[in-house]
Amino acid sequence: MRSMASSYASTAIFLTLALLIVHMEAKAIDEMSPSFYATSCPKLFPTVKSIVESAIKKEARMGASLLRLFYHDCFVNGCDASLLLDDAPNFIGEKNIPPNKNSARGYEVIDEIKSAVEKMCPGIVSCADIIAIVARDSVSILGGPSWGVQLGRRDARATNAIVTNVSIPLPKANLKELVLRFRGIALKRRDLVALLGAHTLGEAQCHSFRERIYNESNMNKELAQKRRVKCPRSKGSGDANLAPLDAQTPIVFDNSYYKNLVQNKGLLHSDQQLFSGGKTDPIVRTYSEDQEAFFNDFASAMIKMGSVNPLIGPAGEIRLNCRRINPII
């Protein structure tokens with residue numbers, strides 16, 4: 001009974017947060033705009049894109065890593081760049097809290113962009129907006145859609161380690177948990193399926209898919225056998241070894257992720273949950289057959305996620321260094 005009560009309480013909390021976020025999102029859309037920096041920092045977009053292109057050219061995987069930063073930032077108190085803050089005396093950041101520790105990466109690329117932007121437009125562009133632009137550019141550079149990024153966010157002066165632990169979906173999550181987590185930031189079931197399509201890029205560590213390749217019956221046997229070569233059954237052995245989330249086109253943003261799910265080739269348990277006899281099966285099937293539909297829904301869902309509880313107006317600050325809050329003068 002206690003477990004059931006706890007489950008109902010968690011659901012109620014997420015639903016309450018979702019209603020609040022819907023209200024905040026509507027307000028944010030009214031105050032944000034893709035042309036927010038058109039006058040104050042007119043060379044922002046080409047400057048960001050040039051550095052992102054260079055980073056991806058050096059390491060193709062970086063595109064996925066930069067995109068993931070946006071997700072992990074927005075899921076914790078909204079898109080406010082709290083993820084970028086380093087730990088400091090009397091200050092606990094989000095970088096070393098699961099599921100970011102030894103996983104989230106690409107911070108140095110954000111640093112490089114922020115430095116370049118500050119030289120052009122000092123004190124104007126927020127780190128939160130930089131993450132949002134970088135996510136869009138990473139997708140488009142690797143063959144995916146583009147969209148008008150809503151801008152005008154400000155940066156948080158605080159982090160939330162507790163929310164980091166409970167808000168970001170985990171690789172072992174079932175469909176009900178995924179729906180609940182996304183609903184917690186006012187995203188619908190179709191948004192969930194579209195946004196997880198980002199797993200057409202990037203790699204996962206062995207410890208995040210070990211259980212799936214050894215113990216789950218709805219895992220493609222041939223792929224499971226292939227992944228076991230570098231991911232031993234024993235915990236602690238090869239935990240950090242990497243495997244592509246999409247074995248077909250791991251550095252191209254396309255709809256192969258959904259084609260994989262239809263064939264039971266989702267590497268993570270949470271991925272395959274999208275096509276496991278539940279209400280999301282038809283959406284996965286649609287995206288597997290219609291890449292344009294996926295691209296359109298992904299772009300729309302990214303705009304929605306980017307409008308989750310942003311700091312706007314006088315709230316927050318424009319950080320001069322994305323890794324630390326500005327000193328109070």
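In this text the structure is predicted, and so the values were computed from the model without any measurement.
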[X] and [Y]: side-chain donor and acceptor closer than 3.5 Å?
| X | Y | value |
| --- | --- | --- |
| Q272 | N264 | yes |
| S82 | E94 | yes |
| N309 | R153 | no |

Self-check item: Geometric cation-pi criterion R136 and F45, 6.0 Å radius, 45° cone
Solution: yes
Quiz item: Should V262 and R285 count as side-chain neighbours, where that means a heavy-atom distance under 4.5 Å?
Solution: yes
Self-check item: N-O pairing of D246 and K259 below 4.0 Å
Solution: no
Quiz item: Are K49 and D137 close enough for a salt bridge, meaning some N to O gap below 4.0 Å?
Solution: no
Quiz item: S103 pairs by side chain to side chain donor-acceptor pair (under 3.5 Å) with which of K95, H72, R68?
Solution: R68
Quiz item: Between K172 and E211, is a salt bridge (Lys or Arg N to Asp or Glu O under 4.0 Å) present by the stated rule, with each step listed?
Solution: CA-CA 9 Å; K172 64 181 181 180; E211 184 72 18; over 6 Å; no
Between the side chain of [X] and the main-chain N/O of [Y], is any donor-acceptor distance below 3.5 Å?
| X | Y | answer |
| --- | --- | --- |
| T200 | D254 | yes |
| S115 | D111 | no |
| T286 | P282 | yes |

Practice problem: State the OH-CE distance between Y71 and M305, to the nearest 0.5 angstrom. | Solution: 5.0 Å
Self-check item: Atom pair CD1 (I303) and CD (Q150), whose distance is rounded to the nearest 0.5 Å
Solution: 6.5 Å
Quiz prompt | CA sep, side-chain torsions, deciding dist, call: I133, L151, side-chain contact (heavy atoms from CB on, under 4.5 Å) | solution = CA-CA 9 Å; I133 299 168; L151 301 171; 3.9 Å; yes
Exercise. Please work out whether the ring planes of Y287 and F294 are parallel, tilted or perpendicular, with thresholds of 30° and 60°.
Key: tilted
Self-check item: Chi angles and distances behind the side-chain contact (heavy atoms from CB on, under 4.5 Å) call for E118, L320
Solution: CA-CA 7 Å; E118 281 298 308; L320 303 180; 3.8 Å; yes
Quiz item: Where do Y107 and D86 land on the side chain to side chain donor-acceptor pair (under 3.5 Å) test, with the steps shown first?
Solution: CA-CA 10 Å; Y107 301 116; D86 286 342; over 6 Å; no
